[in-house]
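Right, one structure below, let's go through it.
Please read these numbers as outputs of a predicted model, since none were measured by experiment. Below, chains carry the letters A, B, ... as their sequence lines are ordered, and counting in each starts from 1.
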Amino acid sequence: MTSSRFPGYDIIVIGAGVAGLMAGITATNLGARTLVVAKGVGSTALTTGAIDILGTQNIPPTRSPAQAGPISMLPSPIRPASLSAALQQLRQSQPHHPYAIISQENLQAGIELFRHTCAQAGLHYTGIADENLWLPTALGAVRPTALAPAAQQAGVVDRPEPYLIVGFHQLKDFYPLYLADNLNRTSGHPARGIYLEIPRIAARADWFTLYLAQLFDDPALRYTVAQQIRSHLLPGERVGFPAVLGQQTSQPEIPWLDLQHLLGVPVFEIPTVPPSVPGWRMFEALKAGFRAAGGQLLIGSQVVESSVDKQKVLAIKVQTAARLLTLEAGAFILAAGGLYGGGLLSYWDGKLEEPLFGLPVATPGAAQITDWHRPTYGAAHPAQEFGLATNAQLQPLDANQEPAFENLFAAGAMLAHWNPWHEKSGDGVTIATGYQAALSATHCLGDRV
Amino acid sequence: MEDIRFTLDHCVKCNICTSMCPVSRVTPLFPGPKYAGPQAQRLRYGPSTDRSVDFCSGCGICSQVCPHGVKIAEINAKARHTMYQECGIPLRNQIIARPDVLGRLASPAAPVINLAMRLPGVRRAMEAILHIHHAAPMPSFSFETFPAWFRNRRQQIPSLRNPSSNHGTTSGATTPDETVVYYHGCATHFYEPRIGKAAIKVLERNGYQVIVPEQGCCGLPLMSNGNFEAARQVVRFNVARLLPYARQGLPIVATSSSCSLMLKREVREILDMQDDDTALVSAHLYDICEFLLIRLAMGQLDIAFQPIPLRVPYHAPCQLRGHGFGKPALELLQLIPELETIEMSAACCGTAGTYGYKQEKYSIAMAVGEELFSAIHSTNPHLSACDSETCRWQIVHGTGLPSVHPIELLAAAYQ
Ligand SMILES: Cc1cc2nc3c(=O)[nH]c(=O)nc-3n(C[C@H](O)[C@H](O)[C@H](O)COP(=O)(O)OP(=O)(O)OC[C@H]3O[C@@H](n4cnc5c(N)ncnc54)[C@H](O)[C@@H]3O)c2cc1C
Ligand code: SF4
Ligand code: SF4
C-alpha cells in the first residue's frame, strides 16, 4: 500500500498562516468540520503582531515598465486622512485588488472575528475605527498600522510624553540609543535610550527574543527591571521596551500590565526583528481559537498533490513519513502563501507555478522576467503583486478566466493584484480574504454543513 | 534520494526553529537548531566542528516548524554521528542504546532487578560509574515478556494455532487482507506487555489475525546515541524478518510511534539505507492508531465502544507528530462515549528517548517537560495518555500519575 486515506472533512484549508487560520476559524464557527494542514508555521511569527489594513494612499495602478516612474513615485502615507476614504479610493482605482472584490462589510467582519479570537486568548487589539496608529519601529522610524496589540499602543506618536527607550546588551538588533535618536527625529518628541542589566543572566551565544521574553514571565525579574528604570525615569516620560515582555500564552498581557503598574507610567513594546514575540503571540492566539472552535490542525505535513475531476477538487495528498495520505473534503481553501510562503514557486527562467492545482499565476505589469523588479529598492516591484487571480467568491481562475474548480477558494499572500509591502496592507488583506474564502467555501457546501 | 544535508540551502535564517526548540530555550549549553543545523553544517567538511550538537535531543520539532523545509534535526543527527566517530561513544550510550539486550538479560530475573533498581545506592552507583542520572525514569522489567505471553496464549487456546507464523498467530480470519503483522518493539517486549495485549485485543475484535514475528530493537536508541553502524545492523535484522510479510502486502502495525517512525523514515533519511527491501518494509509500516483510523475511513472499524467516564489529557509525542499524519488517537478516542480527551499544547515531554537518562541532560529534560507536567496536572489528577513509551515513562516520572497508550483506552472500551 503506497497511499492511505483518513476520514474526510467538510473543508480542508492548506496553510496555517494568518489566512489559513482565519479561514479555519471562520469555517469551524459556521459548523464545518475543518482541517488546517500546513508544512510549516508560515509568516505570522515574522510580523510585528500589528495588523496593517492600508498605510498609504494614492497608489498608482500597476503600470507597464515603460511608464514606470522613479523612486519619488512612492505613495503618500495616510496621515491623518480617513482609512475608509483611502480604501474607497483604492477600490475605484484598482478594481482587481482584493479589497475591491471583497465587500467593506466582510472586511470589517473578518477584522472583528480576528479581534474577538485574540481577545479570547487574552490578547487585546486596539485601533481607531478610521485612522491609522503611528508606532515606532526598532530602528526608530514610525510606521502606520490599523490595529495594534494593546501592549504596543502607548508608543503612538500622537501622545505627548517624551520617550525613554530601554534595551538589553544581550539582545542583538535592538539599540536603544540609536532607536531613540531616530525616534526623536521621526516623531518630534524628546527621546533617550538606556541599557538595563538583567541580574544573573546566563551567558549564551545569542539571546533570542523568545528566550528573553521567557524571563519576563517571572514577576521577580520584572520587579528588578522596574527598580532600575525608576532610577533613570524623568517625570512625564513613557517607557518603550523591545517586545520581549513575556511569552506565556495563558495571560499574555500580564507582564506588560505589571510593569506599567510597577512604574506608574505608560509602558509599551516595540516589535523586534523576526522572530517577533508579538507575532508569535498572535499565532498562538489564532491557533488556540481554531482549536477551541473545534478545528483540527496538522502542522509539519506538506501537501504534495491534488486529485481533481473536471469541476471539482476531490482530495489532497499529504506526504507522511512512509506514504501519501489522501484527505477528502467538500471544499478546499488554498492559503499556502506567496513566493515567500511557498504557495507559489518561481524559477530562474521566469517560470512561475502554483504547484498543487496547476493554477495560472497572474503577473500584472510584468510580461517577462526582466520586468519583475524595478531598479530601486523602495519601488513597488511587480513581482510583489504576482499571484492567483480570482472572482468575487475568491475562486481562482483558470486560463479562460473561469473558476478553475467550483469548490476551490484562495486567500492571503497567494492572491494577485495587491502589494503588502508598498500599500502596508499585509494582514488586513490576509484576514479579510481568509474570512471571505471560508464564507464562500461554506456556502458552496450547501446542505452539507 | 538527495542527502538531506543539502536542505540547509533553503534556510533564510528566520530563527523560527530556534524559537520553538524546547532544549535551547531552557539551556545555554545548546545554541539552538539554526546554529547547530544549517549554520554549522556549512563548516562541516570532514571533522566535527561543534560538540554542543550533542545537546540536541533529536525531538524533531525544528524540522516540523521550519517554513522552508530544512531538515534540521536530521542534519544534527548526522553531525552527532560524526562527532562520536571522532571522540568515541561513551559506555553509557552503548548500554542504554540496547534495550533489547538489557531486556533479554534482565527479564528472567525481573523481580530481583526491579527491586535492586529501586535501591538508591544502586542508582547512585550507576550514576557515578555510567553517568545515568539516578532519578531518571527507568522502566521496570516484566517477568513475563510479551512474546512469551503470546506463545502461551496460543498453546492454551488450540484454535489459535497456526503454523504459518514464527512466534505465533491469533485467531480470526485467514484471508491475507485480514491479517496484520504486529511489531511490538522492546518496550512492549520487556517492560510493558500490557500494551501488546491491548493491541491484540483491539485488532482481534476487528477480525484480524495477528502475526507476531521474531523481531529486534528498531535501532532508534543506537542511532540517537551516535552508533549508526550498529543501528543499521539491527534494522537489517528487522527488515529480514518483516520482508516476507511486506512482500505479501500485509500491513505491519506498531504500537510505539518512535519505533515506527524509525522504520518508516529515519532509516532512509538519517541512516541512508536506500535499498528496496527496507523501502518495502517502510511502505508497509503503520502506527496502530494510524492503521485504525484508516479502517474507520473504510467503514471497517467496530465502533461499539462502551463508555469510559473519564477526562484524559493526551500528549502527542514529538516522534508521533513526525509521522506527519496528525493525531489519529484523538479522533479514535472521540468514538468512546463519555471519554473526554484533552489535547495538551505543550510541545515536548523532554526525555526524547534516552536523552533524559543522561546525567548531564536529566535536568534539561525535566525543565523541558515542566510545561507538560503542570498542564496534565491542571487537567486531570488521575491519568494521562501518550503513544510513545519513553515519553510515558517521563510523564509518569514528572507527574507522579500513570500514563497509558491510547490503544489501552480503546481496548478497555471494547470490554
Ligand atoms: C517578514 C514579514 C513581516 C511582515 N510584517 C507584517 C506586519 O507587521 N503587519 C502586517 O499586517 N503584515 C505583515 N506581513 C505581511 C503579512 O504577514 C502576510 O501578508 C501574511 O503573513 C500572509 O499570510 P498567509 O497566511 O497568506 O501566508 P503565510 O503566512 O506565508 O502562510 C503560508 C502557509 O502555507 C503553508 N504551505 C505552503 N505550501 C504548502 C504545501 N505545499 N503544503 C502544506 N502547507 C503549505 C506554509 O507552511 C504556511 O503555513 C509581513 C510579512 C513578512 C514576510
Ligand atoms: S526555521 Fe528553517 S529557515 Fe528558519 S532559521 Fe530555522 S532552518 Fe532556517
Ligand atoms: S531536534 Fe529538538 S532539540 Fe534538536 S534542535 Fe531540533 S528542536 Fe532542538
Side-chain angles (χ1 to χ4, degrees), chain A residues 1-8 16-17 35 37-46 201-211 213-214 247-250 273-277 280 283-284 287-288 291 296-302 318-323 325-328 337 340-342, chain B residues 12-21 24-32 34-35 52 60-61 63-70 249 251 260-261 263-266 268-269 279 281-287 290-291 293-294 296-298 321-328 330-331 343 345 371:
Chain A
M1 225 192 279
T2 52
S3 85
S4 55
R5 190 172 61 95
F6 275 179
L35 171 77
V37 53
K39 69 167 189 228
V41 300
S43 315
T44 320
L46 307 178
I201 188 167
R204 63 187 306 160
D206 239 334
W207 271 96
F208 291 96
T209 47
L210 262 117
Y211 300 173
Q214 203 166 260
Q247 63 94 51
Q248 47 90 9
T249 48
S250 57
V273 294
S276 100
V277 180
W280 201 266
F283 180 59
E284 291 294 333
K287 270 197 314 190
R291 284 221 182 93
Q296 292 216 27
L297 188 59
L298 171 47
I299 292 188
S301 305
Q302 185 168 3
V318 172
Q319 181 65 56
T320 70
R323 64 187 71 86
L325 172 64
T326 300
L327 295 168
E328 294 163 354
Y340 179 79
Chain B
V12 301
K13 314 295 171 212
C14 66
N15 268 315
I16 283 187
C17 54
T18 315
S19 306
M20 289 311 284
C21 171
S24 66
R25 247 173 200 247
V26 300
T27 175
L29 295 172
F30 181 53
K34 186 187 76 172
Y35 288 132
S52 58
I61 289 175
S63 301
Q64 287 161 30
V65 296
C66 172
H68 302 286
V70 183
S260 50
L261 186 64
L263 293 172
K264 274 181 174 186
R265 190 182 65 199
E266 318 295 43
R268 278 176 291 125
E269 291 192 347
V281 168
S282 298
H284 286 80
L285 253 157
Y286 294 84
D287 168 75
E290 173 193 19
F291 179 77
L293 195 58
I294 293 170
L296 180 71
M298 296 163 79
R321 300 201 304 270
H323 284 256
F325 51 46
K327 296 162 189 167
L330 280 178
E331 291 196 49
E343 183 187 355
S345 61
E371 188 187 341

So, the side chain of A:Arg204 versus the backbone of B:Leu29: is there a donor-acceptor pair under 3.5 Å, distance only?
no
Donor-acceptor contact below 3.5 Å, side chain B:Arg25 vs main chain A:Leu210:
no
Best-contacting candidate, A:Arg291, A:Gln248, A:Lys287, against chain B by heavy atom pairs under 4.5 angstrom:
A:Arg291
Closest-packed option against chain A by number of heavy-atom pairs under 4.5 Å, given B:Glu290, B:Glu371, B:Arg321
B:Glu290
Between [Y] and [X], is there a side-chain heavy-atom distance shorter than 4.5 Å?
X       : Y        : value
A:Pro7  : B:Leu293 : yes
B:Cys14 : A:Pro274 : no
B:Ile16 : A:Leu46  : yes

Please lay out, stage by stage, how B:Ile294 and A:Phe6 fare under the test side-chain contact (heavy atoms from CB on, under 4.5 Å).
CA-CA 5 Å; B:Ile294 293 170; A:Phe6 275 179; 3.5 Å; yes
For the pair B:His68 and A:Tyr340, evaluate side-chain contact (heavy atoms from CB on, under 4.5 Å) and give the outcome as yes or no after the intermediate values.
CA-CA 9 Å; B:His68 302 286; A:Tyr340 179 79; 3.3 Å; yes
side-chain contact (heavy atoms from CB on, under 4.5 Å) evaluation trace for B:Glu331 with A:Gln296:
CA-CA 10 Å; B:Glu331 291 196 49; A:Gln296 292 216 27; 3.5 Å; yes
I would like to know whether B:Met20 and A:Trp280 meet side-chain contact (heavy atoms from CB on, under 4.5 Å); could you show each step before the answer?
CA-CA 10 Å; B:Met20 289 311 284; A:Trp280 201 266; 2.8 Å; yes
Please classify the contact between B:Phe30 and chain A as side chain, backbone, both or neither, with a heavy-atom cut-off of under 4.5 Å.
backbone
Return yes if a side-chain donor-acceptor contact under 3.5 Å exists between B:Ser24 and A:Tyr211, otherwise no.
yes
